[in-house]
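For reference, positions follow the sequence shown, starting with 1. Bear in mind the structure is a predicted one, so any value in this text is a computation, not a measurement. We count ligands from 1, going down the list as the structure has it; atoms in each ligand are counted the same way.
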Amino acid sequence: MGGLSVGAGMANPAVKMSVVSEIAHKDMANAIRALAMDAVEKAKSGHPGMPMGMADVATVLFTQFLKFDAAAPEWPDRDRFVLSAGHGSMLLYALLHLTGYPGMSMDELGNFRQLGSKTAGHPEYGHAPGIDTTTGPLGQGLANAVGMALAERLINARLGDAVVDHFTYVIAGDGCLMEGISHEAISLAGHLKLNKLIVLFDDNSISIDGATSLSVSDDQIARFKASGWNAVWIDGHDPAAIAFAIEGARRSDKPTLIACKTVIGYGAPTKQGKASTHGEPLGAEEIKGARAKLGWTSAPFEVPAGVLAAWRAAGSRGSAQRKDWDKLANKLDRAQRALLGDPVDAGAIKAIANAIGEIKSEFVAAPPKIATRVASQKVLEKLVPALPSLIGGSADLTGSNGTRTQHHTAVAASNFTGNYIHYGVREHAMAAAMNGLALHGGIVPYGGTFLVFTDYCRPSIRLSALMGQRVIYVMTHDSIGLGEDGPTHQPVEHLASLRAMPNVNVFRPADPIETAECWELALAASRTPSVLALTRQAVPLLRTEAAGENRSSKGAYVLTEAEGGERDVTIVATGSEVGLAVEARALLAKDGLRAAVVSMPCWELFAAQPVAYRETVLGSAPRIGVEAGVEFGWERWLGDRGAFIGMDGFGASAPAPKLYEHFGITPSKVAETAKRVAKG
Ligand SMILES: Cc1ncc(C[n+]2csc(CCOP(=O)(O)OP(=O)(O)O)c2C)c(N)n1
């Protein structure tokens, strides 16, 4: 970014401060700076430079614009605030303390980065009220914010301005804007004209390695404008200019970037403006000098009563508005209220169960041989009308993923009543935006792409898991069974790598009935994201009972017991390979071998069952695992006498049946191996 020369995009700083006088502003901003210096110094780690540089911007935002009531942090119509530059976490913690959020005491600031504190190294959703998302992996917060701003528009279109009318503010640094995900995110936001999204760019021209000129020379104003944004430059230390720019942004019909030219480590006598203020404490001498330079005479972790009072007044200035809003919200009916909080309430759970029951009956009445991706689409035909908060989408693979139903209309800048998002070829932003949609509340997002491209979504899937968000990833074309597209598109290691991630349910249903059951489980998992790994190729209907328990809920179950109950071998399979296992069982029976077939649609749910159940399902006979993926992890279920049939390298380009033959994933190979292991 260039300097402060007045350009076409420069905001007019000649605006009067409305609430906070110039003097008070300086003291209030310095309170943030001092707390950031002190907490990082005490923790002996952290990033003081960013909070010191952005203190002026944050003070103007929180004292004059941000709609919030610190006493009611979950107010659904509050403005969202995302600190995408998560390394500057002390900025957020200082703001939460100063404005009076519950639980963010001075002791918590003193325990910055310590075990069990609310003040983790990077802001963590769920650790303290007021942290709207987990940030730290650069660019993620910005892309989450796109989802939040979109959620606001979607729910506004359903409930109206009186109930839903809020902004999403983001503080992002050079690092966030350098990340590739930022391109996808700003492009999507510009396309959808998310005009209530306002990004305050900490344009300090410094990152860890030094000056950003070492690695980047983008004209960010031009870049954002090219993506359909409104974009301006301002002096990020001039409160009047900051206020003027935010006022302008709030009136814009496009999302807005405000590039705030700031000095990293503002106030540090020898270190300000340098990368050395990033990522390490300033040191006692430098802090002493900064206090003198800023005119801050209070002791560490002390804020003068008058300054604190001004901050607390800012924290409660939304109180009356929030109380009025509560009265309005109390008049809404159950379904409307579900769009403001947890969308899967008791009423929704009933509607989901009915929808699942209906589709299971239809599958059993006319047994289809269809791909599980097609089964998934049929399930969605029932679910979408049952659960209005279900917002679907795909990264440009709608037809392939089967994510769109006849009940969908496309979301567009001109139609936020729609319920289907064409994310474009932007898998990473889709996943991160889905986190934002879920975090916002009122929405259950699902989005599709090919399973192999979970790699393009992985950093965001990890954050869905870490934050415990109900985000549903519909990942089709789940093996060599996709055929001719070849090894670039055939996942082999993906199931294993997703299963390695904590708090993700990886579902690989075997047939249409299991597909319906896995959808039901994904919707019920309020604090866990789900990956549905679905086939391109048709699979037989293996389950014939429509009523009764959701058998997939235990993660694995005996699909077919051995004749007479005594097992010579147990074949454990997932997804499309369960059908192969059933065929292998029949081959073995001809040779007098008794095999049980276990379907294992979700390892994570099976691992959570009592030992006794797991032992009954797996049995004591030797076991064979069958999955058209790599073996990694299967040893957990197969034991020392077991064998695995699957992939041990990349796939190839050919029709699917030829590939199954070529790689030896066939009923006869399973039967042959079973005979070998059964003999011991
Ligand atoms: C995806 C990702 N890559 C790398 C990092 C490590 N990292 C943290 S901050 C930072 C530099 C950020 O620079 P900038 O956004 O300009 O922040 P400033 O130095 O201005 O505070 C890096 C590389 C990270 N947190 N996330």
Query raised in the report: How about atom 10 (C) of ligand 1: does it have a protein heavy atom within less than 4.0 Å?
Result: yes
Query raised in the report: Is the backbone of G139 close enough, under 3.5 Å, to the side chain of E179 for a donor and an acceptor to pair up by distance?
Result: no
Considering the heavy atoms of [X], write down every atom of ligand 1 situated less than 4.0 Å from one of them.
X	result
I264	18 (P), 19 (O), 20 (O), 21 (O)
M50	21 (O)
G173	15 (O)

**Report entry** Ring-ring centroid check H166 H440, cutoff 6.0 Å
**Finding:** yes
Report task. Determine, using ring centers only, whether F62 and F81 are less than 6.0 Å apart. Result -> yes
Query raised in the report: Pick one: which of V425, T449, N401 meets side chain to side chain contact (heavy atoms under 4.5 Å, CB included) with D396?
Result: V425
Please determine if [X] has a nitrogen or oxygen closer than 3.5 Å to a nitrogen or oxygen of ligand 1.
X	answer
T212	no
N204	yes
P137	no
H87	yes

Query raised in the report: What distance do L91 atom CG and M54 atom CE have between them, rounded to the nearest 0.5 Å?
Result: 7.5 Å
Report summary line: To the nearest 0.5 Å, atom CE of M475 lies from atom OG1 of T454 at 6.0 Å
Would you mind reporting whether [Y] and [X] have side-chain heavy atoms less than 4.5 Å apart?
X	Y	answer
E493	F632	no
S464	M434	no
L200	I246	yes
H477	V452	no

Any idea which protein heavy atom is nearest [atom], and the distance to it?
atom	result
atom 13 (O) of ligand 1	S207 CB, 3.3 Å
atom 19 (O) of ligand 1	H278 ND1, 2.6 Å
atom 1 (C) of ligand 1	E179 OE2, 3.1 Å
atom 5 (C) of ligand 1	L138 CD1, 4.0 Å
atom 16 (O) of ligand 1	I206 O, 2.7 Å

Query - Proximity flag A85 to ligand 1, non-hydrogen atoms under 4.0 Å - result: no
Report summary line: Judged by heavy atoms only, the candidate from I208, T277, D202, D203 nearest atom 22 (C) of ligand 1 is I208
Query - Proximity winner for atom 25 (N) of ligand 1, if only heavy atoms of G175, S84, P459, G136 are counted - result: G136
